[in-house]
Protein chains: 2
Amino acid sequence: MKNGARKGKSLAQLCVEKGMTLTKKRKVIINVIEKDPGHLNTEDVYNRAKMEDSSISIATVYRSLKLMRDYNVIDHHSFGQEHQHFESPMKSHHDHFVCNECGKITEFTDNSLEKLKINVARSHDFEMHSHRLEIYGLCSDCSKTSQ
Amino acid sequence: MKNGARKGKSLAQLCVEKGMTLTKKRKVIINVIEKDPGHLNTEDVYNRAKMEDSSISIATVYRSLKLMRDYNVIDHHSFGQEHQHFESPMKSHHDHFVCNECGKITEFTDNSLEKLKINVARSHDFEMHSHRLEIYGLCSDCSKTSQ
DNA sequence: TTGTTAATTGGGAATGAATATCATTTTTAC
DNA sequence: GTAAAAATGATATTCATTCCCAATTAACAA
């Protein structure tokens with residue numbers, strides 16, 4: 001399976017395989033992304049990267065993230081009106097719950113949903129490369145307190 | 001059903017029901033959205049609205065769209081890095097294919113997919129208000145020519 | 001190593017969509 | 001009609017993202 005094959009490889013390895021030059025700055029950025037299991041926006045990545053290398057520029061962060069996006073080694077999302085978020089594709093594919101109340105983003109996976117997506121694309125003669133599903137509403141915490 | 005109940009009502013009616021003031025300018029904007037069956041971005045709406053009322057300002061278009069969004073009488077999307085798109089919710093819910101090559105956005109509906117989304121949200125104790133699914137890849141035209 | 005060339009970078013300017021401001025106009029409620 | 005509230009137009013502002021260019025670093029043949 002696609003994601004299975006990726007597991008075990010570091011983000012750095014993936015970047016090299018795709019032909020990206022691994023500079024010092026990029027290593028720092030990659031490191032930041034790999035360390036964090038959640039969703040990071042560009043500002044987050046920048047702030048954390050600066051802790052390791054204070055000379056790093058926001059432009060480099062933007063460029064590197066864009067590059068990794070283009071090379072398909074990281075996933076990016078833009079939830080609603082929010083800024084772009086990035087996450088390492090090391091983990092297998094998942095979708096998101098976005099809470100309209102507290103803004104919390106939770107991941108979930110559902111195999112039958114994944115299969116259905118593939119079927120739907122196929123039946124519409126669409127060659128699927130990627131997909132994303134976001135479900136908006138109230139997370140369990142917020143739906144309790146709003147009663 | 002939710003969308004079924006909406007069918008037949010005009011966007012203008014919906015706005016009034018929700019408590020929005022129906023000004024001349026807003027009528028023009030509503031008219032533009034209702035006329036177009038597809039996806040409009042803010043610039044599109046502005047350009048078309050100006051044909052009916054040349055005095056209309058882009059600020060008013062932004063304000064009106066934002067208002068209608070907040071009142072849940074129109075749907076908005078931001079596909080990938082693209083700008084926001086709007087569409088009338090008169091039509092029943094649908095998802096989108098987004099072609100990475102030509103940028104074309106196609107709608108599709110799949111009932112079993114819809115049901116599955118509901119089930120998944122329920123089983124994760126998430127109170128679903130809305131959802132969106134986008135499938136990225138190559139449309140049938142582009143996947144042919146790229147061979 | 002060293003030199004040469006290409007790629008990367010830092011910092012600040014530029015871009016562009018979206019929002020805020022405020023004086024003026026239109027709506028609404030009476 | 002009139003007064004208060006809401007909406008509008010024009011423009012300024014914000015803010016994430018990208019561009020620009022000189023300086024730095026990487027790649028690699030000799």
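Bear in mind the structure is a predicted one, so any value in this text is a computation, not a measurement. No hydrogens, no waters, no symmetry mates; every other heavy atom, side chains included, goes into these values. Quick note on labels: first sequence line is chain A, next is B, and so on, each numbered from 1.
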Sorted by number, the residues of residues 42-57 of chain B with heavy-atom contact under 4.0 Å to DNA chain D: B/Ser55, B/Ile56, B/Ser57
Under-4.0 Å side-chain N/O to phosphate OP1/OP2 contact, A/Tyr62 with D/dT17: yes
Distance, rounded to the nearest Å, where B/Ile58 contributes CD1 and C/dG16 contributes P: 14 Å
Interatomic distance where NZ belongs to A/Lys27 and P belongs to D/dT25 [whole Å]: 15 Å
Smallest separation among heavy atoms of A/Ser143 and A/Ser140, with atom names: OG-O, 3.3 Å
A/Arg63 side chain near A/Thr60 side chain, heavy-atom distance below 4.5 Å: yes
Whole angstrom value for the distance that separates C1' of C/dT28 from CG of B/Leu22: 13 Å
Parallel, tilted or perpendicular, as decided by the 30° and 60° cut-offs, for the rings of B/His124 and A/Phe108: tilted
Pair A/Asp44 + A/Arg48: basic N to acidic O under 4.0 Å: no
Sugar-phosphate only, base, or nothing, as touched by A/Arg63 at under 4.0 Å among non-hydrogen atoms: base
Residue whose nearest DNA chain C nucleotide is more 5′ - B/Lys66 or B/Lys24: B/Lys66
N/O (side chain, A/Thr21) to phosphate O (OP1/OP2, C/dA7) under 4.0 Å: no
Distance, rounded to the nearest Å, where B/Leu65 contributes CG and C/dA17 contributes C1': 13 Å
Heavy-atom donor-acceptor pair, B/Asn31 side chain to B/Lys27 backbone, under 3.5 Å: no
Relative orientation of the end axes in the helix from C/dT1-D/dA30 to C/dC30-D/dG1, expressed as an angle to the nearest 10° (five pairs per end): 40°
Residue B/Thr60, side-chain atoms from C-beta onward, closest of C/dG11, D/dG9, C/dT19: D/dG9
Rounded interatomic separation in angstrom, taking CE from B/Met68 and C1' from C/dA18: 16 Å
Minimum side-chain heavy-atom gap A/Leu11-A/Val73 below 4.5 Å: yes
Between C1' of D/dT8 and CZ of B/Arg26, the distance in whole Å: 10 Å
Length of the line joining B/Met20:CE and C/dT27:C1', which is rounded to integer Å: 14 Å
B/Thr23 or A/Thr23, whichever maps to the more 5' nucleotide of DNA chain C: A/Thr23
Spatial distance of atom CD1 (A/Ile29) from atom CG (A/Leu40) [nearest 0.5 Å]: 12.0 Å
Protein-nucleotide distance (B/Arg69, atom CZ; C/dA17, atom C1'), rounded to Å: 12 Å
Side chains of A/Ile58 and A/Glu43 in contact at under 4.5 Å (non-hydrogen atoms): yes
Side-chain donor-acceptor pair present, A/Ser55, A/Lys25, cut-off under 3.5 Å: yes
